[in-house]
> 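Please find one structure pasted underneath; my questions will follow.
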Amino acid sequence: MRNFFENLSYKFQGLMRDRYGVDQLSKTLNIAALVFIILSLFGPLGFFRYIALAVLIWSLVRSFSKNKAARVRELEAYLRITKSVTDKFNLVKRMIKERNTHLYCKCPNCKAMVRISKPPKGKTIRINCPKCKNSFEKRT
């Protein structure tokens, strides 16, 4: 029985040689397909089954593809999109965590977030943006 699984493993390795394989985008597509399958189980939402099938096929096509350059471009685009979302999420998380010690202000000129030590309440402070060197006032 052990030889059967070893032979199967070698055959699968041979099949995957020179193929792209599984990456972060493929894993996300598989999770999305699973979510669509679960949604399709509820009453009149059966059309999610077809969406899940399409997403799963897309994930398998990506995994078994030999066009590595195209798959890398897809992955880079995906990572660019997710990076902007995760950066915003991490900023909000930091703002909540440091709400007692720091103040975050948006520069009116370049829209960058500026982090300063929290001054006493009721004071007007002058803030210099490190990105565009613009100076602006903020009432605390």
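When reading the values below, keep in mind they use all heavy atoms of this one structure, side chains included, and skip hydrogens, waters and symmetry mates. One-based numbering along the sequence shown.
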> Side chain to side chain contact (heavy atoms under 4.5 Å, CB included) with I57: which of L60, V55, V61?
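Considering L60, V55, V61, a side chain to side chain contact (heavy atoms under 4.5 Å, CB included) with I57 is found only for V61.
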
> Using the rule given for salt bridge (charged side-chain N to carboxylate O under 4.0 Å, His left out), can you reason through E76 versus R73, listing the C-alpha separation, both sets of side-chain angles and the distance that settles it, and then say yes or no?
CA-CA 5 Å; E76 287 173 352; R73 282 193 305 271; over 6 Å; no

> Please tell me whether F42 and V35 are part of a single hydrophobic cluster in this structure, the criterion being side-chain heavy atoms less than 4.5 Å apart.
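Cluster IDs for F42 and V35 match.
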
> How many angstroms lie between atom CD of E98 and atom OG of S117, to the nearest 0.5 angstrom?
10.0 Å

> Got a second to check how far R115's CZ is from M95's CE, nearest 0.5 Å?
11.5 Å

> Between L29 and R62, which heavy-atom pair has the shortest distance, and what is it?
CD1-CD, 4.1 Å

> If we ignore hydrogens and angles and just use 3.5 Å, is the side chain of K66 paired with the main-chain N or O of Y20 as donor and acceptor?
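No, because the side chain of K66 does not come within donor-acceptor range (under 3.5 Å) of the backbone of Y20.
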
> Restricting to non-hydrogen atoms, name the atom on R19 and the atom on K68 that form the minimum distance, rounded to 0.1 Å.
O-CE, 3.7 Å

> Looking at every non-hydrogen atom in both residues, tell me the closest pair between A33 and A52 and how far apart they are.
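Taking A33 first and A52 second, the nearest heavy atoms are O-CB, 3.5 Å.
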
> If I take atom CD1 from residue I125 and atom NZ from residue K118, how far apart are they, to the nearest 0.5 angstrom?
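Rounded to the nearest 0.5 Å, the CD1-NZ separation comes to 11.0 Å.
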
> With rounding to the nearest 0.5 angstrom, report the OH to CG distance, Y10 to N3.
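Between atom OH of Y10 and atom CG of N3 there are 9.5 Å.
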
> Would you say I127 ends up clustered with L91 if hydrophobic residues are merged whenever their side chains have heavy atoms under 4.5 Å apart, either directly or through other cluster members?
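They do not share one cluster, since no chain of ILVMFWY contacts under 4.5 Å joins L91 to I127.
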
> Taking salt bridge (charged side-chain N to carboxylate O under 4.0 Å, His left out) as the test, write out the residues that go with R126, two or more places apart.
E137

> Side chains of I116 and H102: does their closest heavy-atom pair fall under 4.5 Å?
no

> Say whether I38 and I51 are linked into one hydrophobic cluster, either directly or through other cluster members, by side-chain heavy-atom distances under 4.5 angstrom.
yes

> Could you please spell out the steps behind the side-chain contact (heavy atoms from CB on, under 4.5 Å) verdict for L79 and T82?
CA-CA 5 Å; L79 291 176; T82 57; 4.2 Å; yes

> Only counting residues at least two apart or in another chain, list the ones meeting ring pair (Phe, Tyr, Trp, His ring centres under 6.0 Å) with F48.
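Partners of F48 by the ring pair (Phe, Tyr, Trp, His ring centres under 6.0 Å) criterion, ordered by chain and then number, come out as F36.
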
> Testing the basics here: between R71 and S65, what is the closest heavy-atom pair and its distance to 0.1 Å?
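The answer is NH1-OG, 2.7 Å.
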
> Given side chain to side chain donor-acceptor pair (under 3.5 Å), test D87 with S84 step by step and report yes or no.
CA-CA 5 Å; D87 285 350; S84 66; over 6 Å; no

> Going by distance alone, is a donor N or O of one side chain under 3.5 Å from an acceptor N or O of the other, for R94 and Y104?
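On atom types as modelled, these side chains qualify, holding a pair under 3.5 Å.
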
> Before you tell me yes or no, could you show the steps for T28 and Y78 under side chain to side chain donor-acceptor pair (under 3.5 Å), namely the whole-Å CA-CA distance, both residues' side-chain angles and the distance that decides it to 0.1 Å?
CA-CA 10 Å; T28 304; Y78 167 74; 2.7 Å; yes

> So which atom in V22 and which in K27 form the shortest heavy-atom distance, rounded to 0.1 Å?
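In terms of heavy atoms, the two residues are closest at CG1-CG, 3.9 Å.
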
> Name all pairs fulfilling the side chain to side chain donor-acceptor pair (under 3.5 Å) condition that reach into residues 39-61, sequence neighbours left out, sorted by first residue then second.
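Output for this query lists N30-S59.
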
> Supply the atom-to-atom distance K131 NZ to C110 SG, rounded to the nearest 0.5 angstrom.
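One gets 5.5 Å once the value is rounded to the nearest 0.5 Å.
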
> Atom CG of N7 and atom CZ of F4: how far apart are they, to the nearest 0.5 Å?
8.5 Å

> Does a side-chain heavy-atom distance below 4.5 Å link V114 with P130?
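Sidechains of P130 and V114: in contact.
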
> Passes side-chain contact (heavy atoms from CB on, under 4.5 Å), T124 versus K138? Steps please.
CA-CA 6 Å; T124 301; K138 171 94 172 153; over 6 Å; no

